[in-house]
> 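Supplied in structure tokens, the structure appears directly below.
Predicted, not measured: the structure shown is a model, and the values here were computed from it. Letters A, B, ... are given to chains in the order of the sequence lines, protein chains preceding strands, and every chain is numbered from 1.
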2 protein chains.
Amino acid sequence: MPHPSSSPIPALDALKRAGLLGTAAQVAVLDYLQRTEHGHFSAEEIHRRIAASGDRMNLSTTYRVLNQLVEAGFVANVSLGKHHSLYELNTGEVHDHLVCVVCGRIEEFSDPTINRRRVAIAKKFGLRFIGKTLALHGVCAACAARAHPPRPRAK
Amino acid sequence: MPHPSSSPIPALDALKRAGLLGTAAQVAVLDYLQRTEHGHFSAEEIHRRIAASGDRMNLSTTYRVLNQLVEAGFVANVSLGKHHSLYELNTGEVHDHLVCVVCGRIEEFSDPTINRRRVAIAKKFGLRFIGKTLALHGVCAACAARAHPPRPRAK
DNA sequence: ATGGATGCAAACGCTTTGCATAAAT
DNA sequence: ATTTATGCAAAGCGTTTGCATCCAT
């Protein structure tokens, strides 16, 4: 995948500073995630979106690049339950996720109380804290309304 | 896998009440989890332990039985990060997990404050709450000591 | 020329499934 | 007789890897 000769991309600089080459594939992935901040995507989705925009890149390259970006700290890999591994831009802000099990929609939230308790609990158990996974699963308002319409209108 | 003609097993009754047949395989799995309350096992581990105790059962049967038990509410399937899907007895008590990323040891905890916040947050976002996944990952005290011995003794 | 990055295909680990057989009601 | 469960082998899915090639320095 060759570099498209477009205007200078902010992602490129950051990549080089992190010691990566800043190849077209790396730029494409990081750039996509930066442009969709607060989006959550599977590796395959990211691959598909980039392909849709004209640059073709192999799926295994997408995985390799994502792993590099995670290691370099640009991207976070969140596991929201079985077979639900998503990538998001690492903004540095601690946050957790709400997941609608019907439509798959994902929202972010951050609760200082929970965050404080987490630290306290890790300390209490003597755990040198590395990371956390917190996701609340449920049915979002829209899906609940669709499933149990408040007043099914006659047609 | 035929029923071993042992003494009446508490698991059997519960299974029948839940509408399952209470076959040898079902009893073996549920019984194992009941005898190791607060244990956390992969499907393969459960399969191996049961095989080790003499009853041979196919791995796919183990998966099928585990799924039945989850659906019937006897067992919970907890996903603790990627490729870490474990089964535990469902005791009805809400709890979360601490995971040592070095030795894999798992501890349970339950924090009323966190639990309260969870409910509040789900409500605030209009999410009909179904379940949650919370795991704290880190290095447990024992592993930390092994990695950074406070005073490496000369041999 | 060197070391990293890529494409491709093949392998991986975990989990599920199709199908024929066997067991329970 | 009918439904449900089992073993076995094969397929599924998401992800990783080996290897030859390619690209950037």
> What is the separation between atom CG on B:Leu86 and atom C1' on C:dC14, rounded to the nearest whole Å?
13 Å
> Calculate the interatomic distance between B:Asn77 atom CG and C:dC14 atom P; express it in whole Å.
14 Å
> May I ask you to decide if the ring planes of A:His97 and A:His40 are parallel, tilted or perpendicular, using 30° and 60° as cut-offs?
perpendicular
> Kindly give the heavy-atom pair with the smallest separation between B:Val99 and B:Ala135, and that separation in Å.
CG2-CB, 4.4 Å
> Measuring to OP1 and OP2 of C:dA5, would you say a side-chain N or O of A:Thr61 lies under 4.0 angstrom away?
no
> In whole angstroms, how far is the P atom of D:dT4 from the CG atom of B:Asn67?
17 Å
> What's the closest nucleotide to the side chain of B:Glu44 if the choices are D:dT25, D:dG7, C:dC14?
C:dC14
> Any idea which of D:dT15, C:dT6, D:dT6 is nearest the A:Ala43 side chain?
D:dT15
> Round to the nearest Å and state the distance from B:His47 atom NE2 to D:dT6 atom P.
12 Å
> In this structure, how many angstroms lie between the P atom of C:dT25 and the CD atom of B:Gln26, rounded?
11 Å
> Would a hydrophobic clustering, with Ile, Leu, Val, Met, Phe, Trp and Tyr connected at side-chain separations under 4.5 Å, put A:Val78 with A:Leu30?
no
> So if I take every side-chain heavy atom of B:Arg64 and compare against C:dA5, C:dC8, C:dG18, which nucleotide ends up nearest?
C:dG18
> At their closest point, which heavy atom of A:His137 faces which heavy atom of B:Leu127, and how far apart are they?
C-CD2, 4.0 Å
> So if I take every side-chain heavy atom of B:Leu21 and compare against C:dG7, D:dT4, D:dT6, which nucleotide ends up nearest?
D:dT4
> Would you tell me if any nitrogen or oxygen in the side chain of A:Thr23 comes within less than 4.0 Å of OP1 or OP2 on C:dG4?
no
> Does A:Lys16 put a side-chain nitrogen or oxygen below 4.0 Å from OP1 or OP2 of D:dT25?
yes
> Rounding to a whole Å, what distance do you find between B:Glu45:CD and C:dC14:C1'?
14 Å
> What is the separation between atom CG on A:Leu66 and atom P on C:dT6, rounded to the nearest whole Å?
11 Å
> Output yes when at least one side-chain N/O atom of A:Tyr63 is less than 4.0 Å from OP1 or OP2 of D:dT15, else no.
yes
> Which part of the nucleic acid does B:Ser60 contact within heavy-atom distance under 4.0 Å: base, sugar-phosphate only, or nothing?
base
> Can you tell me if the side-chain N/O atoms of A:Asn58 get under 4.0 Å from OP1 or OP2 in C:dT6?
no
> Can you measure B:Arg56 atom CZ to D:dG7 atom C1' for me and round it to whole angstrom units?
13 Å
> Mark yes when over 12 heavy atoms from residues, nucleotides or ligands other than B:Glu71 sit less than 6.0 Å from its CD; otherwise mark no.
no
